[in-house]
Amino acid sequence: MNLEQRVYKKLLDVPKGQITTYGELAKAVGLKNGQRVIGKIMNNNPYPAIVPCHRVVMSTGKIGGYAYGEHIKTKMLSDEGIEIKNGKISSFDKKLFRF
DNA sequence: CGTAGGGCCCTAC
DNA sequence: CGTAGGGCCCTAC
């Protein structure tokens, strides 16, 4: 399994209503300082309906980017029960999934 | 083969 | 708050 497949598979562990960060996901697949690699892989996500890349956000609590637009990412997260105020996730620590 | 460049970032100031 | 620099992996020369 190549890196991308491992990343997509690992991300499936993150349930609806929770989020992870680019850095955490990088660590989860054994990458050090691989945040940007994760971002790139998310951008190339060929299975947007299956792999929940909208649940990957920035460690600062901001939403981060999204191939189809940040407002869509924001809406998807809201629909899953994640509250977002002024572009930042409320109760970030409580929503953060631990691999 | 080697390497430059870039990406949905992170940390420290 | 903003910004600079870093660091990793892939892709295209």
Side-chain angles (χ1 to χ4, degrees):
Chain A
M1 223 173 12
N2 63 28
L3 178 64
E4 300 192 356
Q5 290 175 317
R6 285 192 288 123
V7 169
Y8 295 139
K9 187 168 185 182
K10 189 61 102 175
L11 182 52
L12 293 177
D13 290 347
V14 181
K16 184 190 288 192
Q18 289 192 278
I19 45 97
T20 186
T21 70
Y22 296 95
E24 288 299 312
L25 186 53
K27 274 197 293 182
V29 294
L31 299 180
K32 288 181 182 175
N33 302 311
Q35 320 81 237
R36 308 192 70 180
V37 177
I38 298 297
K40 185 170 203 168
I41 291 175
M42 295 300 105
N43 192 31
N44 296 334
N45 181 7
Y47 323 104
I50 303 168
V51 177
C53 66
H54 63 283
R55 294 184 193 142
V56 185
V57 301
M58 299 181 76
S59 65
T60 55
K62 288 196 199 168
I63 298 302
Y66 193 63
Y68 306 101
E70 290 188 31
H71 66 288
I72 294 183
K73 185 172 182 177
T74 302
K75 183 176 188 330
M76 292 175 80
L77 289 172
S78 306
D79 289 346
E80 297 186 352
I82 305 286
E83 185 183 55
I84 296 156
K85 284 183 181 174
N86 301 321
K88 296 194 75 169
I89 295 177
S90 308
S91 307
F92 182 79
D93 290 339
K94 290 183 189 170
K95 303 294 184 184
L96 186 63
F97 176 75
R98 320 281 169 178
F99 285 104

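In what follows, every chain begins at residue 1, and chains take the letters A, B, ... in the order their sequences are listed.
The side chain of M58(A) lies closest to dC9(B) when the candidates are dG7(C), dC9(B), dC8(B). Distances from the side chain of R36(A) to the nucleotides dC8(C), dG6(C), dC10(B) place dG6(C) closest. Taking every side-chain heavy atom of N33(A) into account, dC8(C) is the closest of dG6(B), dG6(C), dC8(C). Comparing atom distances between the N43(A) side chain and each of dT11(C), dC8(B), dC10(B) picks out dC8(B) as nearest.
Residues K10(A) and V7(A) fail the side-chain proximity criterion, which asks for heavy atoms closer than 4.5 Å. Side chains of T60(A) and F92(A) form no contact here, defined as non-hydrogen atoms less than 4.5 Å apart. A heavy-atom distance below 4.5 Å is found between the side chains of L96(A) and I19(A). Taking the side chain as every heavy atom from C-beta outward, I84(A) and S90(A) never approach each other to under 4.5 Å.
Atom NZ of K40(A) and atom P of dG5(B) are 13 Å apart (whole Å). Distance I38(A) CD1 to dC8(C) P: 14 Å, rounded to the nearest Å. Rounded to an integer number of Å, the gap from L25(A) CG to dC9(C) P is 13 Å. With rounding to whole Å, L31(A) atom CG is found 13 Å from dC9(B) atom C1'. Distance CD1 (I41(A)) to C1' (dT11(C)): 13 Å, rounded to an integer number of Å. When rounded to the nearest whole Å, the span between CD of Q35(A) and P of dC10(B) equals 6 Å. One interatomic measurement links the two molecules: CD of Q5(A) to P of dC9(C), which rounds to 17 Å at whole-angstrom precision. The nearest whole Å value for the distance from the OH atom in Y47(A) to the P atom in dC8(B) is 18 Å.
Projected onto DNA chain C by closest heavy-atom contact, K62(A) and N2(A) fall at different nucleotides, the more 5' of which corresponds to K62(A). Mapped onto DNA chain B by nearest heavy atom, Y22(A) and T60(A) fall at different nucleotides, with Y22(A) at the one closer to the 5' end.
At least one side-chain nitrogen or oxygen of S59(A) sits closer than 4.0 Å to the OP1 or OP2 atom of dT11(B).
Contacts of L3(A) with the nucleic acid, taken as non-hydrogen atoms under 4.0 Å apart, involve only primed sugar atoms and P, OP1 or OP2. At a threshold of 4.0 angstrom between heavy atoms, the contacts of K73(A) include nucleobase atoms, whether or not backbone atoms are also involved. Across all strands shown, G64(A) has no heavy atoms under 4.0 Å from either base or sugar-phosphate atoms.
Under a 4.0 Å N-O distance rule, the pair E24(A)/K27(A) qualifies as a salt bridge.
In a base pair of the Watson-Crick type (N1 to N3 plus N6-O4 or O6-N4) or a G-U wobble (N1-O2 and O6-N3), with each distance short of 3.5 Å, dC8(B) is matched with no nucleotide.
Checked by distance alone, Y66(A) brings no side-chain donor or acceptor within 3.5 Å of a matching partner on the base of dC8(B).
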